[in-house]
Protein chains: 2
Amino acid sequence: MSHTLGVRQAQKQKTRQALLDAALRLLEEQSLSSLGLREVTRAVGVAPTAFYRHFRSTADLGVALVEEALGSLHPMIRTTVSTADDSGERIVRAVELIARHVEAYPAHVRFIARERHGGVQPVREAIREQLVRFAREVKDELAKDPQAQGWSDDDLLMLAHLYVDQMLITASLFLEALDAPREERERVTQVATRQLRLISVGRRHWLD
Amino acid sequence: MSHTLGVRQAQKQKTRQALLDAALRLLEEQSLSSLGLREVTRAVGVAPTAFYRHFRSTADLGVALVEEALGSLHPMIRTTVSTADDSGERIVRAVELIARHVEAYPAHVRFIARERHGGVQPVREAIREQLVRFAREVKDELAKDPQAQGWSDDDLLMLAHLYVDQMLITASLFLEALDAPREERERVTQVATRQLRLISVGRRHWLD
DNA sequence: CCATGCAGTTAACAACTGTTCTCTGGAATT
DNA sequence: AATTCCAGAGAACAGTTGTTAACTGCATGG
């Protein structure tokens, strides 16, 4: 089934990935709309024209980066939300998971936070799509919870969006605190945890 | 007291404002880190070198734009939060106020949403400062509310940040829906209202 | 009224950008 | 073994960028 692709295509994907990696690094200090194609190829050590073999433009590369940053995140989201125990433990676990993810892929998180409202329309669109998918998935998991009895679909979806946005805000806060002293990072953890907790309280008493 | 400034300084402030206006317009389709100084002066119809009479760099101009976009917003925030009636009416009013503001100053809102996590550090910093100020002001207003009895300062501040972030998310949603049919905008209004309502419910039952 | 200050102009600079066309070497196909 | 294909190189293009220096004209303060 799985065909080990030839030397040819392997090399191609290798430089393609090198372009993505270089771009992601360069994007830590600027935004996509100012990222030059030559800048990227120079960082990789490849001719400027080679860029066109992989992407039509830097915007196109940006869309690919969205896929790389968010595409593999869906299973993680699902399992996080659906973790059974109802206590505050679940919230603590979720916040920790976000913190770990930011530590593991800071550049990806920065890219998403930056380009979500950035100056490149196709990239904004791609991010929006992924976040909508996230929200729908979260909603599906929430619907399974006994607590969701009596909730309308609309309300479940609005709660899901609230969670997704809160997740992104928290990730962004962890990102800013990455090089800060541990006490600062713990403060972020505490605030995020309590905000999620407050939302959960609101959720519990929504049907009054 | 108020000294009507001479013809000289008046002209200067006029071109300075023209530069800010032109930049804001150009920033609707790109981000600050890709905004060129020549681009701005060309749009105003002034020599590139004239730029330096007003700003050290485009980043500097960006910081000035933050001031313009958020500086005058503090009184509005305070009065909105402190509007007395406790019912859901206050939330509806707040959401409407956000919608109106987005309609009146879409470019400002877009700029803030875009550059909050954008590629220019001093601008990010300036926005962060203003948002922290907002949060502190909201907290002060919340503290006056009888509902805040028994709340710690930390919890009040975390709630205030939650409100401020939610305000920005809502503004951004209204922005995306600006050219959409009215039904779409009303959907945004409904979702935002319910999210705020859910947070309020959580707030009411926080001390259980 | 005259001298100073200063907002804005003009010209020039080296460096950089995206895109085109042509070419090449080696893997892939037959 | 001969042929096709194609990722990447190389060179050249017209335009753009930020920054410098020396200037001009006019409002301002003495």
Side-chain angles (χ1 to χ4, degrees), chain A residues 2-27 29-65 115 118-123, chain B residues 2-27 29-65 115 118-123:
Chain A
S2 76
H3 185 241
T4 50
L5 62 187
V7 179
R8 194 75 179 257
Q9 302 225 357
Q11 236 326 312
K12 178 167 184 181
Q13 287 214 353
K14 207 170 159 186
T15 53
R16 186 192 134 102
Q17 191 57 48
L19 288 170
L20 287 169
D21 292 348
L24 199 60
R25 199 176 59 79
L26 290 166
L27 285 172
E29 295 159 331
Q30 63 184 307
S31 31
L32 185 62
S33 79
S34 69
L35 182 69
L37 135 189
R38 295 183 99 108
E39 202 178 348
V40 179
T41 57
R42 193 187 313 131
V44 173
V46 92
T49 49
F51 186 92
Y52 292 107
R53 298 285 176 193
H54 303 275
F55 308 102
R56 240 182 280 273
S57 62
T58 52
D60 196 23
L61 178 146
V63 172
L65 275 179
E115 301 304 330
V120 183
Q121 202 250 357
V123 172
Chain B
S2 77
H3 185 243
T4 49
L5 61 186
V7 179
R8 193 75 180 255
Q9 301 225 356
Q11 234 331 307
K12 177 167 183 180
Q13 287 214 351
K14 206 170 160 187
T15 53
R16 186 192 134 101
Q17 191 58 47
L19 288 170
L20 287 170
D21 292 348
L24 199 60
R25 200 177 58 79
L26 290 166
L27 284 172
E29 295 161 331
Q30 61 184 308
S31 30
L32 185 63
S33 79
S34 68
L35 182 71
L37 136 188
R38 295 185 98 108
E39 203 176 348
V40 179
T41 57
R42 192 186 316 132
V44 173
V46 91
T49 48
F51 187 92
Y52 293 108
R53 298 285 177 195
H54 303 275
F55 308 102
R56 239 183 281 274
S57 63
T58 52
D60 197 23
L61 178 146
V63 172
L65 275 180
E115 301 303 329
V120 183
Q121 202 250 354
V123 172

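The chains referred to below are lettered A, B, ... by the order of the sequence lines, with proteins before strands, and numbering in each begins at 1.
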**Request:** May I ask you to verify whether the side chain of Arg53(A) and the base of dC6(D) hold a donor-acceptor pair under 3.5 Å?
**Result:** no

**Message:** Quick check: closest heavy atoms across Gly62(A) and Leu32(A), and the distance to 0.1 Å?
**Reply:** CA-CD2, 3.8 Å

**Asked** When the distance from CD of Gln11(B) to P of dG25(D) is rounded to whole Å, what number comes out?
**Response** 17 Å

**Request:** Verify the contact: side-chain N or O of Thr49(B) to OP1 or OP2 of dT10(C), cut-off strictly under 4.0 Å; return yes or no.
**Result:** no

**Spacing between Leu37(A) atom CG and dG8(D) atom P, to the nearest angstrom** = 14 Å

**Asked** How many Å lie between CG on Leu26(A) and P on dT17(C), as a whole number?
**Response** 11 Å

**Prompt:** Just wondering, are more than 12 heavy atoms of other shown residues or ligands nearer than 6.0 Å to CD in Glu29(A)?
**Reply:** no

**Nucleotide dA27(D), atom C1' - distance to NZ of Lys14(B) in whole Å** = 15 Å

**Asked** Distance-only, no hydrogens or angles: does the Ser33(A) side chain make a donor-acceptor pair with backbone N or O of Gln30(B) under 3.5 Å?
**Response** no

**Prompt:** Whole Å only: how far is the NE2 atom of His54(A) from the C1' atom of dC6(D)?
**Reply:** 11 Å

**Request:** Grab the CD-P distance between Gln17(B) and dA7(C) for me, whole Å please.
**Result:** 17 Å

**Item:** Toward the 5' end of DNA chain C, by each residue's nearest nucleotide, Lys12(B) or Arg38(B)
**Value:** Lys12(B)

**Prompt:** How would you label the contact of Ser57(B) with the nucleic acid (heavy atoms, under 4.0 Å): base, sugar-phosphate, or nothing?
**Reply:** nothing

**Asked** Taking for each residue the nucleotide of DNA chain D bearing the nearest heavy atom, is the 5' side occupied by Arg8(B) or by Arg56(B)?
**Response** Arg56(B)

**Message:** Can you give me the closest heavy-atom contact between Val44(B) and Ala18(B), atom names plus distance?
**Reply:** CG2-O, 3.5 Å

**Asked** Which is true for Arg42(B) with a 4.0 Å heavy-atom rule: it touches a base, it touches only sugar-phosphate, or it touches nothing?
**Response** sugar-phosphate

**Request:** Identify the heavy atoms of Lys12(A) and His54(A) that sit nearest to each other, and give their distance.
**Result:** O-CE1, 3.2 Å

**Message:** If I take atom CZ in residue Phe55(B) and atom C1' in nucleotide dG8(C), what distance separates them, rounded to the nearest angstrom?
**Reply:** 15 Å

**Message:** Need one value for Arg16(A): base, sugar-phosphate or nothing, where a base atom within 4.0 Å counts as base even if backbone is also close, heavy atoms only.
**Reply:** nothing

**Gap between atoms OH and C1', on Tyr52(B) and dA22(D) respectively (whole Å)** = 16 Å

